[in-house]
Amino acid sequence: MSQPHPRGPQLARLASLLADETRASFCLALLDGRAWTAGELARLAGVAASTASEHLSWLVEGGLLAEERQGRHRYVRLAGPQVAQLIEDLSGHAAPPPAPRTLRAASAGEAMARARTCYDHLAGRLGTAITDAMVEHGLLRRAAGFALTDVGLAWFRRLGVDLSAAPRGRRPMARSCLDWTERRPHLAGVAGAALCRHALDAGWCARIGSQRALRVSEEGRRALHDLLGVRLPE
C-alpha cells in the first residue's frame, strides 16, 4: 500500500495560509519590503481590526510573516526574501487581475506596471528594461539562470556599490524573478537589492504614496541612459 508523501501535510498547510483573499492581500502589500501595522493592513483589506489580527497571527505562526512590537503597535513584515520570492512567483502564475473600473484604479495600476519595487528590487517596465540592458552590455548572463559577469561586478564597483559587503546568507548574488505585469524576468537577489537601494538613495526613484509604485526622476532617467542606454518614456 502506497504511503502519502511526508511533506504533503506541510505543503498543504502552507497553501492554506494563502488560500484566503485577506491573507493574500496582506502578503502582496508587504512586498514593498516595509513593516506595516495591523491597522494599516486592516484598512487596506477592508476588514475589522480583530479580523486582521487573527489572520496575521496565522501568517506569523506559519512562518510567512515576522512580527515586531513597539509599544502598543504591532508591526509585521515578510519573513525574508525567500517568502517574497514565493509570493511574487505565485503572483506571476496567477490569472491577470480584472480590468480596473475607475480612473483612479486604472492610474494606480499603470503606475505599478511602469515602475515598482518587488520586495527589495526593481520591477515593472523599469525593472525589465534595466535587466535587458544589463544583459545587452554583458553585465548579466541568463543562459541558465541569472549570473553577474566579471564586467558586471566591476560595473557595480564603479557605481560605488560593494556587493562583497552586502549581507548574503543563502541568498544568490543574482536571481531571475518573474515580473507579474511584464510576464518576463527582472533581476533579483543580492545584486538586484543593492541596485534598488542605490536607485532610491541616489534619488533616481522615489516611492509614490504608501504602495510599491515608483516615480523615476529626471536625474534617474539621465543616469540610466548614460550608464545602460535605457530610454524610459516620459
Side-chain angles (χ1 to χ4, degrees), residues 1-69 73-98 112 116-124 127 144-146 167-193 196 210-212:
M1 182 176 179
S2 61
Q3 296 293 324
H5 195 285
R7 297 298 300 277
Q10 288 79 8
L11 180 58
R13 280 195 288 271
L14 175 62
S16 70
L17 288 173
L18 296 173
D20 177 90
E21 187 173 342
T22 297
R23 293 195 292 273
S25 296
F26 289 172
C27 291
L28 288 169
L30 291 167
L31 276 175
D32 69 356
R34 295 177 288 183
W36 288 50
T37 67
E40 289 170 335
L41 289 169
R43 288 190 292 273
L44 171 82
V47 298
S50 58
T51 301
S53 180
E54 184 178 7
H55 283 301
L56 290 173
S57 294
W58 288 337
L59 290 168
V60 170
E61 291 170 6
L64 294 183
L65 301 187
E67 182 182 48
E68 302 171 12
R69 289 189 180 270
H73 293 290
R74 179 191 193 188
Y75 290 87
V76 292
R77 64 171 71 246
L78 294 181
Q82 293 84 4
V83 175
Q85 178 183 345
L86 171 66
I87 302 300
E88 189 71 12
D89 286 348
L90 288 173
S91 298
H93 291 286
M112 286 278 285
R116 67 181 183 278
T117 55
C118 172
Y119 188 58
D120 60 0
H121 53 273
L122 299 171
F146 281 177
R168 185 170 177 180
R170 294 186 300 169
R171 195 176 191 187
M173 179 62 69
R175 180 180 66 79
S176 170
C177 181
L178 178 63
D179 196 290
W180 63 267
T181 53
E182 296 299 294
R183 303 286 167 162
R184 296 191 295 115
H186 57 244
L187 175 65
V190 172
C196 178
S210 61
Q211 299 295 318
R212 294 192 283 148

Open item on the list: Could you work out, with side chain to side chain contact (heavy atoms under 4.5 Å, CB included) as the rule, every residue matching Cys118, not counting sequence neighbours?
Closed with: Glu88, His121, Ala123, Cys177, His186, Arg212
Open item on the list: Show the nearest heavy-atom pair for residues Leu59 and Leu17, with the distance to one decimal.
Closed with: CD2-O, 4.0 Å
- [ ] Taking all heavy atoms of Tyr119 and all of Pro81, pick out the closest pair and write down the distance.
- [x] CE2-CA, 3.6 Å
Open item on the list: I need the minimum non-hydrogen distance between Leu30 and Val76, along with the two atoms involved.
Closed with: CD2-O, 3.5 Å
Task: Distance in Å, Leu187 CG paired with Phe146 CZ, rounded so as to fall on 0.5 Å steps - done: 6.5 Å
Do any side-chain atoms of residues 60-68 form donor-acceptor pairs under 3.5 angstrom with protein atoms, and if so which ones, sequence neighbours left out?
unit_1 : atom_1 : unit_2 : atom_2 : d
Glu67  : OE2    : Arg69  : NH2    : 3.4
Glu67  : OE2    : Arg74  : NE     : 2.2
Glu67  : OE2    : Arg74  : NH2    : 3.0
Glu68  : OE2    : Arg77  : NE     : 3.2

TODO: Could you note down all residue pairs passing side-chain hydrogen bond (donor to acceptor under 3.5 Å, both in side chains) where residues 11-27 supplies at least one of them, sequence neighbours left out?
DONE: Arg23-His55
Task: Spacing of SG belonging to Cys196 relative to CG belonging to Asp120, to within rounding of 0.5 Å - done: 7.0 Å
- [ ] Could you name each residue pair satisfying salt bridge (Lys or Arg N to Asp or Glu O under 4.0 Å) that touches residues 174-191, not counting sequence neighbours?
- [x] Arg116-Asp179, Asp132-Arg184
Indicate every side-chain donor-acceptor pair of residues 38-48 with a distance under 3.5 Å to a residue at least two apart or in another chain.
unit_1 : atom_1 : unit_2 : atom_2 : d
Glu40  : OE1    : Thr37  : N      : 2.9
Glu40  : OE1    : Thr37  : OG1    : 3.4

- [ ] Would you please name every residue forming a side chain to side chain contact (heavy atoms under 4.5 Å, CB included) with Leu28, sequence neighbours left out?
- [x] Leu31, Ile87, Ser91
